[in-house]
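Structure first, then comments.
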Amino acid sequence: MPRDPAIVSKNMSKIRSKDTTIELRLRKALWHKGYRYRKNYKGLPGSPDIVLTKYKIAIFCDSEFFHGKDWEILKLRLEKGNNPEFWIKKITRNCARDWENDKKLLFLGYTVIHLWGQDILKHTDECVQAIEEAIWDVRMDGFPEEYPELPAQPETDWG
């Protein structure tokens, strides 16, 4: 059933690139944990949604549709929908651009994390934990001692 182009246009105009629901949810969780960050940092390739500059970690909050989650399945769905050439080309281009930006960030010494929108919404704590593990890895790889202020790691009783 074809959709009214005016309705589609109105819906598409509401899609934002900054301060999306998923970004806000993740940023709020990080802020409450004591992490400070830059948002939509234009000084880095791809303008990552969240950058922990202190730890050189770039975080992207990706929507499943526009960044091609489960691409083979999504591509089949798009081929049956309206304007398949446009959407397949657009999402393919988005994925290629994401890959190029990731390579540039890695070259600059950044750890790159991509989180899917539904994972952020449904499992925010696990997403924050993945970021904290990346911070821990950076710290273990020779993080300068002049930055000792990390949230306390849980005590472990090894027996």
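When reading the values below, keep in mind they use all heavy atoms of this one structure, side chains included, and skip hydrogens, waters and symmetry mates.
In this structure, the side chains of Val128 and Lys33 come closer than 4.5 Å at one or more pairs of heavy atoms. Residues Val51 and Leu44 have side chains in contact (heavy-atom distance under 4.5 Å, counting atoms from C-beta outward). With a 4.5 Å cut-off on side-chain heavy atoms, Thr111 and Val138 count as touching. Put simply, the side chain of Val112 reaches to within 4.5 Å of the side chain of His114, judged on heavy atoms. Within the 4.5 Å cutoff, the side chain of Leu115 has heavy atoms near those of the Ile131 side chain. Contact of the Leu108 side chain with the Pro45 side chain is registered, since non-hydrogen atoms from C-beta on lie closer than 4.5 Å.
The cluster map of Ile, Leu, Val, Met, Phe, Trp and Tyr, joined by side-chain heavy atoms under 4.5 Å apart, puts Ile50 and Ile113 in the same cluster.
For Tyr37, the ring pair (Phe, Tyr, Trp, His ring centres under 6.0 Å) criterion is met by Trp31, not counting sequence neighbours. For the ring pair (Phe, Tyr, Trp, His ring centres under 6.0 Å) test, no residue two or more places apart in sequence or in another chain qualifies with Tyr41. For Glu64, the side chain to side chain contact (heavy atoms under 4.5 Å, CB included) criterion is met by Lys69, Trp116, Gln118, not counting sequence neighbours. Legend: residues meeting salt bridge (Lys or Arg N to Asp or Glu O under 4.0 Å) with Glu100, ordered by chain and number and at least two apart, are Lys103. Judged as a side-chain hydrogen bond (donor to acceptor under 3.5 Å, both in side chains), and not counting sequence neighbours, Asn101 has no contacts. Listed by chain and residue number, Asp19 satisfy the salt bridge (Lys or Arg N to Asp or Glu O under 4.0 Å) test with Lys39 (two or more places apart in sequence, or in another chain). Residues forming a ring pair (Phe, Tyr, Trp, His ring centres under 6.0 Å) with His123 (at least two apart in sequence, or on another chain): none. In this structure Ala96 satisfies the side chain to side chain contact (heavy atoms under 4.5 Å, CB included) test with no other residue, sequence neighbours excluded. Scanning for side-chain hydrogen bond (donor to acceptor under 3.5 Å, both in side chains) contacts around Asn83 gives an empty result, with sequence neighbours left out.
A donor-acceptor contact shorter than 3.5 Å links the side chain of Arg25 to the backbone of Leu121.
The two residues Ala29 and Thr124 come nearest to each other via the heavy atoms CB-CG2, 3.7 Å.
The CD1 atom of Ile135 sits 12.5 Å away from atom CE of Met140, with the distance rounded to the nearest 0.5 Å. Taking OH of Tyr110 as the reference point, atom CG of Leu105 lies at 8.0 Å (rounded to 0.5 Å). Here the NZ atom belonging to Lys42 is positioned 4.5 Å from the OG atom belonging to Ser47, to the nearest 0.5 angstrom. We find the CD-CG distance between Glu132 and Leu52 to be 10.5 Å, quoted to the nearest 0.5 Å. Taken from CG in Asp49 to CG in Leu26, the straight-line distance is 9.0 Å, to the nearest 0.5 Å. For the atom pair SG (Cys127) and CD1 (Ile120), the distance works out to 5.5 Å, reported to the nearest 0.5 Å.
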Practice task
Mind running side-chain contact (heavy atoms from CB on, under 4.5 Å) on Thr92 and Lys89 for me, showing each step along the way?
Solution key: CA-CA 5 Å; Thr92 302; Lys89 181 179 174 186; 5.9 Å; no

Problem - Test log, rule side-chain contact (heavy atoms from CB on, under 4.5 Å), inputs Ile91 and Phe65 - result: CA-CA 8 Å; Ile91 294 172; Phe65 180 77; 3.9 Å; yes

Practice task
Could you go through the side-chain hydrogen bond (donor to acceptor under 3.5 Å, both in side chains) check for His67 and Asp98 one step at a time?
Solution key: CA-CA 8 Å; His67 293 273; Asp98 289 346; 2.6 Å; yes

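Annotation: Phe107, atom CZ; neighbour count of heavy atoms from other residues, nucleotides and ligands within 6.0 Å does not exceed 12.
Sequence neighbours left out, not one pair with a member in residues 112-121 passes salt bridge (charged side-chain N to carboxylate O under 4.0 Å, His left out).
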Name each donor-acceptor pair under 3.5 Å that joins a side chain in residues 70-81 to protein atoms two or more places apart or in another chain, with its distance.
none

